[in-house]
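Both ligands and their constituent atoms are indexed starting at 1 by order of listing.
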Amino acid sequence: MLKICVFCGSSMGYGNEYRDAARKVGEFFAANNIELVYGGADVGLMKVMADTMLEKGSHVIGVMPGHLVDRGVVHHNLSQLITVETMAERKQKMVELSDGFIALPGGFGTLDELSEILTFNQLRISDKPLGILNIKHYFDHLLQFIDHAADVGFVRKEHRDNIIVSDDIAELITKMNDYNPLEIGKWIADIKVESNHK
Ligand code: AMP
């Protein structure tokens, strides 16, 4: 994979382990000639990762809506900054540019981006893998919730199983390289049948 989009916190999280992990991701990308696409901010785990890569001379692309640039959170030393109008347009641009996506710990912004890619993948709007880097079990509760959603029939089991998870960046990328997009026809047929049962 040549370009990976990372979704992660505009905050640092408590303690050092989250920053250390973001730094490690930056180092891994730099060592493996992977370009970073991200939100373009100069704050939180986003900053740690971008700075680590820029220090090593790697290519970092930020994609940011103009209103956030005006708020002064933009990183000023990026290899490339793409300014867009809206948050929705930004996600579209990130999908266009990237070969895959990784979520690191983050808040609502990260959860929104992660869910949108999963939705794009289940609808085959995009066919690019999403990996969750489960640092310090950060995503365990979310994964448990998704398991529950699958158990009670709101997430299809195959869509749940297609979420790639690891706490190790090298392993995560290896698994992402083996990603198989799921066929959409059967799922749509199944939900139609289910909806016709009274
Ligand atoms: P959060 O997880 O709520 O901290 O939001 C971080 C995620 O949402 C990142 O992956 C960004 O793409 C996006 N985002 C949220 N806030 C900002 C910001 N101030 N600057 C750039 N991107 C942001």
Side-chain angles (χ1 to χ4, degrees), residues 1 3-26 28-29 34-54 58-121 125-126 128-143 145-146 163-165 167 169 172-173 176:
M1 254 175 269
K3 275 199 194 106
I4 295 187
C5 179
V6 176
F7 306 132
C8 64
S10 53
S11 309
M12 289 289 186
Y14 299 145
N16 289 326
E17 280 158 290
Y18 299 113
R19 323 172 180 225
D20 291 348
R23 203 171 294 117
K24 267 197 195 153
V25 171
F28 183 88
F29 279 18
I34 297 171
E35 291 184 21
L36 171 68
V37 177
Y38 86 113
D42 195 23
V43 289
L45 296 186
M46 287 189 271
K47 172 181 168 59
V48 174
M49 215 178 28
D51 283 349
T52 304
M53 289 189 62
L54 291 165
S58 297
H59 200 80
V60 179
I61 304 171
V63 188
M64 201 181 245
H67 63 89
L68 278 183
V69 174
D70 296 342
R71 285 216 182 134
V73 288
V74 66
H75 198 301
H76 290 287
N77 295 315
L78 298 175
S79 319
Q80 190 184 353
L81 175 68
I82 300 175
T83 310
V84 293
E85 291 283 313
T86 63
M87 293 295 273
E89 205 185 309
R90 170 160 83 157
K91 263 183 269 174
Q92 198 58 47
K93 192 64 169 171
M94 286 166 147
V95 169
E96 230 173 86
L97 288 172
S98 316
D99 302 306
F101 305 88
I102 294 179
L104 263 66
F108 287 133
T110 302
L111 294 175
D112 165 62
E113 291 165 331
L114 179 163
S115 318
E116 179 135 353
I117 298 301
L118 292 176
T119 311
F120 278 10
N121 282 356
I125 293 168
S126 134
K128 299 169 180 178
L130 173 107
I132 290 180
L133 191 63
N134 197 14
I135 298 158
K136 273 187 83 182
H137 300 279
Y138 181 75
F139 289 99
D140 282 2
H141 292 97
L142 178 69
L143 293 166
F145 172 74
I146 298 173
I163 303 176
I164 301 160
V165 185
D167 61 1
I169 183 66
L172 192 71
I173 303 260
M176 286 169 68

Check your understanding: Is K47 salt-bridged to D42, cutoff N-O under 4.0 Å?
Key -> yes

Point to revise | Between CE on residue M64 and CG on residue L81, distance to nearest 0.5 Å | key: 7.5 Å

Check your understanding: What residues come within 4.0 Å of ligand 1, counting heavy atoms only?
Key -> F7, C8, G9, S10, G39, A41, M46, M64, L68, V73, R90, G106, G107, F108, G109, T110, E113

**Study point:** ring-ring contact (aromatic ring centres under 6.0 Å, His included) contacts touching residues 64-99 (sequence neighbours left out)
**Key:** none

Review point. Do F139 and I146 have side-chain heavy atoms sitting under 4.5 Å apart?
Key: no

Practice item. Report the relative orientation of the aromatic rings in Y18 and Y138; use parallel for angles under 30°, tilted for 30 to 60°, perpendicular for over 60°. Key: perpendicular

Exercise for review: Taking the side chain as every heavy atom from C-beta outward, state whether I102 and V25 have any atom pair closer than 4.5 Å.
Suggested key: no

